[in-house]
Enquirer: 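Here you go, one structure.
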There are 2 protein chains.
Amino acid sequence: MTDQTDKKPHHHGDLRAALIQSGIDILTESGLEALTLRRCAARAGVSHAAPAHHFDGLSGLRGAIAKEGFDRFRAQMLRSRASGSQSPEGRILSLCRGYLDFAVENPALFALIFSCGPMSQFEEDMNAGTASAYGVLRETCAPFVPKGSDPRVVETQVWSLIHGFSHLFLAGTFGPDAGPPDHHRLFAPVMALLQEIGTPPAPK
Amino acid sequence: MTDQTDKKPHHHGDLRAALIQSGIDILTESGLEALTLRRCAARAGVSHAAPAHHFDGLSGLRGAIAKEGFDRFRAQMLRSRASGSQSPEGRILSLCRGYLDFAVENPALFALIFSCGPMSQFEEDMNAGTASAYGVLRETCAPFVPKGSDPRVVETQVWSLIHGFSHLFLAGTFGPDAGPPDHHRLFAPVMALLQEIGTPPAPK
DNA sequence: AATGTAAAGTTTACAGTGTAAAGTTGAAGG
DNA sequence: CCTTCAACTTTACACTGTAAACTTTACATT
């Protein structure tokens, strides 16, 4: 609708960005349920109805935050991928490490991003973010796609594996005691399977 | 605390069970956000404060519903596993089909079960349900565990894979057009990887 | 049988939430 | 200087969870 990205608002400096950042702060500090239009407004120092103007209600705010969250998610995956070994195996393993680390470090934002509830109305923002993150995964998976086969097979395997592990880890399914310090220990089976996925195209 | 399973309540026949069923109905009809103490009470024909008595507030109601949901989840997996080929491979594939089918048929209940937000207070109910479902997975994975190795490796791989696929499928990550009719088509890569996991212990 | 007691629900009240409408401010353009 | 319009505020309302006080009912004890 109205493009207010490069247009200076009248009163506040850049309220839209400030509201998104306030929302992310609230998510980080107090969890998903604490993300509220009114609290977000209070933190940004505006009236409680201001966020409903910039975004289309609460779900609009959540969509905008999710978009920003996807950007950071993607950035962290890229950073992690660039940090380790640059072999095809090393790149995909580091990417998945970044995936898990982001989920562990930003659980509420991660949950918001992949929430499948009332975000359906925001498929525009949502699909853009998903496609962005998915693109990173695709190019990292490319070396493992057998020639002539559908790349989505490998992509789906890797994507499902790392996402399922991250989600179950956050939900505490792998034990209530497992905390951020030792999540890489539990991560070992996933890494092993990822390496197994990587072997077929390079048999000898 | 108070065991009210076999004790006839005073006014209502069995309000606790009625409230849980009302909650599941609301979830099925109107989604996760629609699950409300007051709506649940109205549907069961009692005052709005009644649910807060039987359960410990909203999170208590959600915990009780999650427990019931886990039972149905487990039952569906068992039913599905029993329906197909009884080879070790067939059993694990059918189990995962049941997993995915339950998620597709009960998206809100599935999301509630694996929500990692404010359920932490209900680790008792939650861990019981998780352990119950996890047990089914364990025994189905057992034939694929190499002798002397940690069974949790295979379990984690299968669990993460099927859960991640189900969750991403519900979230629409694999395309917004993919609906219940063709979710088994998209499921193919996961099945392939599951069979791959199954091969190592039977090399010849 | 009368009475006490505790559980099961209801009523009342309150703080917080999203949303819609009307009102206010302030910067830009003629 | 005045108009205009977007940005924001104020006001109002329906709905939510929670806590407290109150009422009813079944059971147990005397």
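Residue numbers start from 1 in every chain, and the chains themselves are labelled A, B, ... in the order their sequence lines are given, proteins ahead of strands. Here the structure is a predicted model, which means the values were calculated and not measured.
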Enquirer: Checking side-chain polar atoms at under 3.5 Å, does A:Tyr134 have a donor or acceptor matched by the opposite partner on A:Glu155?
Expert: yes
Enquirer: Can you give me the bend angle of the helix from C:dA1-D:dT30 to C:dG30-D:dC1? Use the axis through the first five pairs and the one through the last five, nearest 10 degrees.
Expert: 10°
Enquirer: Would you mind reading off the distance between A:Asp14 atom CG and D:dA7 atom P, rounded to a whole angstrom?
Expert: 12 Å
Enquirer: Identify each atom pair where a protein N or O and an N or O of nucleotides 16-18 of chain D are less than 3.5 Å apart, giving names and distance.
Expert:
{"from": "D:dG17", "atom 1": "OP1", "to": "B:Leu37", "atom 2": "N", "distance (Å)": "2.9"}
{"from": "D:dG17", "atom 1": "OP2", "to": "B:Leu37", "atom 2": "N", "distance (Å)": "3.2"}
{"from": "D:dG17", "atom 1": "OP2", "to": "B:Arg38", "atom 2": "N", "distance (Å)": "3.3"}
{"from": "D:dG17", "atom 1": "N7", "to": "B:Arg38", "atom 2": "NH1", "distance (Å)": "2.3"}
{"from": "D:dG17", "atom 1": "O6", "to": "B:Arg38", "atom 2": "NH1", "distance (Å)": "3.1"}
{"from": "D:dT18", "atom 1": "OP2", "to": "B:Leu58", "atom 2": "N", "distance (Å)": "2.9"}
{"from": "D:dT18", "atom 1": "O4", "to": "B:His48", "atom 2": "NE2", "distance (Å)": "3.3"}

Enquirer: Going by atom type alone, with no hydrogens or angles, which donor-acceptor pairs under 3.5 Å involve a side-chain atom of residues 24-32 of chain A and a protein atom two or more places apart or on another chain?
Expert:
{"from": "A:Asp25", "atom 1": "OD1", "to": "A:Gln21", "atom 2": "NE2", "distance (Å)": "2.8"}
{"from": "A:Thr28", "atom 1": "OG1", "to": "A:Ile24", "atom 2": "O", "distance (Å)": "2.9"}
{"from": "A:Glu29", "atom 1": "OE1", "to": "A:Arg43", "atom 2": "NH1", "distance (Å)": "3.3"}
{"from": "A:Glu29", "atom 1": "OE2", "to": "A:Arg43", "atom 2": "NH2", "distance (Å)": "2.8"}

Enquirer: Please name all residues satisfying side chain to side chain contact (heavy atoms under 4.5 Å, CB included) with A:Val153, sequence neighbours left out, ordered by chain then number.
Expert: A:Asp150, A:Gln157, B:Pro189
Enquirer: Can you measure B:Phe55 atom CZ to C:dA8 atom C1' for me and round it to whole angstrom units?
Expert: 13 Å
Enquirer: If the condition is ring-ring contact (aromatic ring centres under 6.0 Å, His included), which residues does A:Phe70 pass it with, not counting sequence neighbours?
Expert: A:Phe114
Enquirer: Checking A:Thr140 against A:Arg81: is there a side-chain donor and acceptor pair closer than 3.5 Å?
Expert: yes
Enquirer: Can you sort out the partners of B:Ser149 under side chain to side chain contact (heavy atoms under 4.5 Å, CB included), two or more places apart, ordered by chain and number?
Expert: B:Val145, B:Pro146
Enquirer: Measure the acute angle between the ring planes of B:His163 and B:His167, then classify it against the limits of 30° and 60° as parallel, tilted or perpendicular.
Expert: parallel
Enquirer: Give me the one residue out of A:Trp159, A:Phe165, A:Phe169 that meets ring pair (Phe, Tyr, Trp, His ring centres under 6.0 Å) with A:Tyr99.
Expert: A:Trp159
